2 protein chains.
Amino acid sequence: MVAALAQVSRVAVSRAFNPHASLKADKRERILRVARELNYTPDRAARALVSGRTHLIGVIVPDVYSYWESQEIDALTTALQNEGFATLLFKTRTDYSMDEQLLAYMRGFNPDSVIAFVENVKPVTLTRFLDRAVPIYVDYPMAGAPAEPEHGPLYDRLNILQHSGIDQAVALLQGYGARRIAYLSGHGKSRASAAREATLRQVLEERGFQPPILAPGDFGYETAYQATIDLFRVRGGADGVFAANDVSAFGALDALRHELGLRVPGDVKVVGFDDIAQSHWKSYNLTTVKFDLHERVRALVRLILRRLNDPQAESLVETLDTRLVVRGTVG
Amino acid sequence: MVAALAQVSRVAVSRAFNPHASLKADKRERILRVARELNYTPDRAARALVSGRTHLIGVIVPDVYSYWESQEIDALTTALQNEGFATLLFKTRTDYSMDEQLLAYMRGFNPDSVIAFVENVKPVTLTRFLDRAVPIYVDYPMAGAPAEPEHGPLYDRLNILQHSGIDQAVALLQGYGARRIAYLSGHGKSRASAAREATLRQVLEERGFQPPILAPGDFGYETAYQATIDLFRVRGGADGVFAANDVSAFGALDALRHELGLRVPGDVKVVGFDDIAQSHWKSYNLTTVKFDLHERVRALVRLILRRLNDPQAESLVETLDTRLVVRGTVG
DNA sequence: TTGTAAGCGTTATCAC
DNA sequence: GTGATAACGCTTACAA
């Protein structure tokens with residue numbers, strides 16, 4: 001700033017960096033040129049102090065390295081970068097417990113918006129720790145779920161509808177003659193997993209199946225591997241396994257093929273959920289339910305921008321659908 | 001702040017949050033209690049303006065979703081969080097071109113430190129865009145590399161020594177009778193891959209092997225898959241494949257087993273590099289060269305803290321060694 | 001179109 | 001041990 005003073009007044013510099021401010025074109029140009037030479041960029045901290053906008057978007061995740069989250073963070077960071085924001089990462093405990101300490105900590109950075117992927121953070125808790133930002137909550141509503149309470153805390157949502165994809169998957173399993181369907185669940189507290197299970201249960205009933213056999217997992221490879229062995233060795237097995245996510249499906253596949261000596265899809269059919277990048281790797285080549293990553297990120301960015309544009313707006317909701325990607329583990 | 005004023009002066013509040021400041025114990029306690037009730041946290045933007053510390057650590061990566069990077073980011077975020085910092089994520093283009101636009105953009109956020117994983121960003125470029133922060137550069141020095149220039153730009157380094165791990169791998173391959181060793185390289189411009197290749201070449205010579213056959217990859221699964229097919233169908237194959245990273249090794253494994261009908265480790269032995277989480281999944285069960293994630297993160301955090309403690313210090317360097325993890329793809 | 005002045009929330013300095 | 005005051009770098013009235 002001081003440096004640029006050599007040429008013009010300090011406010012002129014501020015205006016030069018703000019496209020809306022009125023400033024003679026040649027003057028702006030001159031200032032920007034000098035700024036580039038001097039390697040000057042307006043300090044966002046100072047800017048934040050007066051404008052109330054930090055251009056920081058908090059993202060709360062339990063595990064960055066989960067394939068699902070990491071792909072989401074990657075795409076989101078790119079998209080936010082293009083809009084002039086930066087991704088500020090926060091990690092919860094692996095037990096999904098969103099402690100108040102973390103939220104208080106995050107508060108200090110004063111993010112413009114917060115996206116919570118972690119599934120057990122209640123909107124009310126998040127809202128309590130954010131005076132300015134309106135959190136975005138990724139949710140998996142169920143068909144017959146109750147409507148929103150009239151005057152809860154303000155938050156925006158990205159609703160993921162799972163019925164279409166799961167119905168397509170079950171139809172396919174049915175087409176290939178599967179009768180006994182198992183559900184390899186995710187983490188016990190996970191809303192995503194609970195919603196998937198409920199939707200699966202509903203779809204199975206609609207199509208005349210018995211309810212799913214439940215195998216407890218935690219979204220991870222190892223647990224899925226063990227749960228599958230238990231399911232087949234002790235509990236009579238199944239001819240179709242629906243996993244709560246792709247990584248669980250990999251664990252199930254490896255257990256079936258390498259430990260139990262069963263053929264997939266010959267003896268058992270397997271369906272995953274997410275369509276992460278390695279689902280098409282040859283060793284797995286997984287049939288899975290997908291919701292498009294880039295659509296999802298676009299929806300999140302839309303929510304953020306709309307909210308910043310009108311902080312007082314009513315709850316904003318974006319809705320996304322799912323569909324089945326057919327590969328080699330059902331057939 | 002204003003709110004807390006109801007009880008005492010504003011400076012007292014500031015002091016209450018700074019453990020070093022002198023303040024009567026009971027007064028501090030009272031202030032902190034009120035702050036908690038009012039859900040108050042000092043604003044970091046304002047704090048940054050006067051202290052010059054943003055508590056933001058910039059991390060520049062080409063792909064968050066690469067397994068290697070994502071695991072690093074995850075561990076780093078946790079460690080930084082414990083020290084009171086937050087991870088600010090920036091993405092370069094996938095072609096690894098670190099454009100000045102991104103650096104200028106990052107500058108505005110004024111991070112306290114910057115970690116560049118991307119391998120082709122020259123320290124001098126990074127330094128030019130950072131007035132305050134001293135960047136940390138992750139490097140893979142080679143045995144006979146020239147010493148540092150006397151008065152280059154100031155930056156700190158994390159040096160990864162690859163010789164031990166690669167030597168152990170080659171010794172193992174030798175023990176099982178491998179003769180023709182191929183190197184499945186990473187991205188063309190990558191220093192990591194170049195260093196691995198040079199080290200492998202050196203180790204092979206030391207142990208009386210021919211130089212490695214080169215197969216061009218890009219650290220990705222697909223390219224490795226194709227390169228392996230090309231290597232075996234057109235170029236006479238090999239009986240030992242050393243891949244630039246684990247993901248490439250997965251691609252090679254799948255090509256060997258599912259496309260070329262070869263047995264691993266019976267016909268061909270495969271070694272990876274990184275030891276990412278899925279390397280022990282049953283479908284791969286990869287023998288690989290590892291450098292410990294948590295050691296690495298601790299080293300990075302040490303570098304950051306030492307530098308912030310003494311911004312004028314000479315270049316700081318941490319050195320880390322590698323070792324072989326033996327699993328099922330060599331034997 | 002441009003400049004002047006006030007103020008954003010915090011901490012450092014210097015009194016007391 | 002405590003409080004007043006200035007300062008950090010920027011934006012946004014308001015006035016010219």
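Scope of the values below: all heavy atoms of this structure, side chains included, with no hydrogens, waters or symmetry mates. Treat the numbers as computed from the prediction; the structure is a model and nothing was measured. Order of the sequence lines sets the chain letters (A, B, ...), proteins ahead of strands, with each chain counted from 1.
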Salt bridge or not for E318(B) and R306(B), using N-O below 4.0 Å?
yes
Please determine whether a side-chain nitrogen of the Lys or Arg among E37(B) and R33(B) lies less than 4.0 Å from a carboxylate oxygen of the Asp or Glu.
yes
Within the side chain of S14(A), is there an N or O that forms a donor-acceptor pair under 3.5 Å with the backbone of R10(A)?
no
Let me have a per-nucleotide readout for nucleotides 7-14 of chain D, 5' to 3', with B, S or -, counting only protein heavy atoms under 4.0 Å.
-BBBBB--
Whether Y155(B) and Y137(B) hold their rings parallel, tilted or perpendicular, with breakpoints at 30° and 60°:
perpendicular
Taking 4.0 Å as the cut-off, does a side-chain nitrogen or oxygen of K27(A) come that near to OP1 or OP2 on dT2(C)?
yes
Treating Q81(B) as the side-chain partner and K91(A) as the backbone partner, does any N or O pair qualify as donor plus acceptor under 3.5 Å?
yes
Regarding N110(A) and R132(A), is there a side-chain donor-to-acceptor distance under 3.5 Å anywhere?
yes
At how many degrees, to 10°, do the end axes of the helix from dT1(C)-dA16(D) to dC16(C)-dG1(D) meet when each uses five pairs?
30°
Is the positively charged end of R44(B) above the ring of F109(A), judged by distance under 6.0 angstrom from the centroid and angle within 45° of the axis?
yes
Distance only, no hydrogens: is a donor on one side chain within 3.5 Å (strictly under) of an acceptor on the other, for S70(B) and S70(A)?
no
Between C1' of dT2(C) and CZ of R28(A), the distance in whole Å
13 Å
Any side-chain N or O of S9(A) under 4.0 Å from OP1/OP2 of dG3(C)?
yes
Starting from P on dG9(C), measure out to CZ on R107(A) and report it in whole angstrom.
12 Å
L23(B) CG to dT11(C) C1', straight-line distance once rounded to whole Å
14 Å
